[in-house]
Amino acid sequence: QVQLVESGGGLVQAGDSLRLSCAASGRTFSSWAIAWFRQAPGKEREFVAAISWSGGNTLYANSVKGRFTISRDNAKNTVYLQMNSLKPEDTAVYYCAAAYKDYDVVTVGPYDYWGQGTQVTVSS
């Protein structure tokens with residue numbers, strides 16, 4: 001089992017940057033693939049980005065490719081989502097999620113454990 005806590009959300013203007021953090025505790029962090037999802041009001045939750053054990057494999061939604069970067073520091077049990085050139089349509093609650101993997105792979109899902117989320121609001 002793993003516990004996840006997101007932080008770093010806030011209110012910014014279009015074009016600004018934010019870095020979200022996902023701190024994990026519990027089982028060996030380096031055995032978990034980690035992903036970021038988001039959910040905007042009135043919309044379904046959507047995949048944003050994912051990263052494999054080693055950090056060597058990443059995957060992005062087309063809507064954030066080239067603007068967002070996912071990374072991880074296994075020594076700190078933390079995954080980051082650097083978000084640049086933010087747009088109003090990026091406004092959502094952002095969740096990190098974890099899936100135990102036997103191999104160093106990246107996936108859009110399914111994910112077994114979820115954090116509580118952090119709000120990101122981008123004003124125009």
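One is the number of the first residue; the rest follow in order along the sequence.
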Inter-residue atom distance [X].[atom1] - [Y].[atom2], 0.5 Å rounding:
{"X": "Ser54", "Y": "Asn74", "atom1": "OG", "atom2": "CG", "answer": "8.0 Å"}
{"X": "Arg38", "Y": "Leu20", "atom1": "CZ", "atom2": "CG", "answer": "11.0 Å"}
{"X": "Gln116", "Y": "Ser7", "atom1": "CD", "atom2": "OG", "answer": "13.5 Å"}
{"X": "Asp16", "Y": "Asp90", "atom1": "CG", "atom2": "CG", "answer": "11.5 Å"}
{"X": "Gln119", "Y": "Leu11", "atom1": "CD", "atom2": "CG", "answer": "9.5 Å"}
{"X": "Gln1", "Y": "Asp112", "atom1": "CD", "atom2": "CG", "answer": "10.5 Å"}

CA sep, side-chain torsions, deciding dist, call: Ser17, Gln82, side-chain contact (heavy atoms from CB on, under 4.5 Å):
CA-CA 7 Å; Ser17 298; Gln82 177 67 43; 3.9 Å; yes
Notebook entry, point to check: Okay, side chain of Glu6, backbone of Cys22: is any donor-acceptor separation there less than 3.5 Å?
Noted result: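 Flag not set: sc Glu6 to bb Cys22 has no pair under 3.5 Å.
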Dump the intermediate steps for side-chain contact (heavy atoms from CB on, under 4.5 Å) on Thr91 and Val120, then the final yes or no. CA-CA 5 Å; Thr91 295; Val120 172; 5.9 Å; no
task: Check whether the side chains of Ser123 and Gln13 place a donor and an acceptor atom closer than 3.5 Å, and report yes or no.
output: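 Side-chain D/A pair, Ser123 to Gln13: absent.
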For Asp104 and Ser52, which I'm curious about, is there any donor-acceptor pair between the side chains at under 3.5 Å?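 Yes, a side-chain donor-acceptor pair sits under 3.5 Å.
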Relative to Tyr80, does Arg19 satisfy both conditions: NZ or CZ under 6.0 angstrom from the six-membered ring centre, and within 45 degrees of the ring's axis?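 Yes; both conditions hold, so Arg19 lies above the ring face of Tyr80.
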Item to check | Geometric cation-pi criterion, Arg45 with Trp114: 6.0 Å, 45° | outcome: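 Ring-cation test returns yes.
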request  = Among Tyr111, Tyr95, Tyr94, find the one that has a ring-ring contact (aromatic ring centres under 6.0 Å, His included) with Phe37.
outcome  =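 One option only clears the test, and that one is Tyr111.
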When clusters are formed by joining ILVMFWY residues with side-chain heavy atoms under 4.5 Å apart, either directly or through shared neighbours, do [X] and [Y] land in the same one?
{"X": "Tyr60", "Y": "Met83", "value": "yes"}
{"X": "Val48", "Y": "Val122", "value": "yes"}
{"X": "Tyr100", "Y": "Ile34", "value": "yes"}

query: Considering only heavy atoms from C-beta outward, does the side chain of Thr118 approach that of Val93 to under 4.5 Å?
result: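 A side-chain contact under 4.5 Å is absent here.
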Quiz item: Are side-chain heavy atoms of Thr121 and Val12 found at a separation under 4.5 Å?
Solution: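 SC-SC contact between Thr121 and Val12 ruled out.
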State, to 0.1 Å, how close [X] and [Y] come at their nearest heavy-atom pair, and which atoms those are.
{"X": "Val106", "Y": "Ile51", "value": "CG2-N, 3.8 Å"}
{"X": "Ala92", "Y": "Ala40", "value": "CB-N, 3.8 Å"}
{"X": "Trp53", "Y": "Asp102", "value": "CH2-O, 3.3 Å"}
{"X": "Val105", "Y": "Ala33", "value": "O-CB, 3.9 Å"}
{"X": "Thr107", "Y": "Ala50", "value": "O-CB, 3.5 Å"}

Checklist entry - So, Phe68 versus Trp36, ring centres under 6.0 angstrom or not? => result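 For Phe68 and Trp36, the ring centres are not under 6.0 Å apart.
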**Request:** Kindly determine whether Val108 and Leu59 satisfy side-chain contact (heavy atoms from CB on, under 4.5 Å), including the steps that lead there.
**Result:** CA-CA 8 Å; Val108 299; Leu59 187 64; 3.4 Å; yes
**Asked** Is it the case that more than 12 heavy atoms not belonging to Lys76 sit under 6.0 Å from its NZ atom?
**Response**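 Atom NZ in Lys76 is not packed in, count stays at 12 or less.
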Give the C-alpha distance, both sets of side-chain angles, the deciding distance and a yes or no for side-chain contact (heavy atoms from CB on, under 4.5 Å) between Leu86 and Leu18. CA-CA 8 Å; Leu86 283 162; Leu18 274 177; 4.1 Å; yes
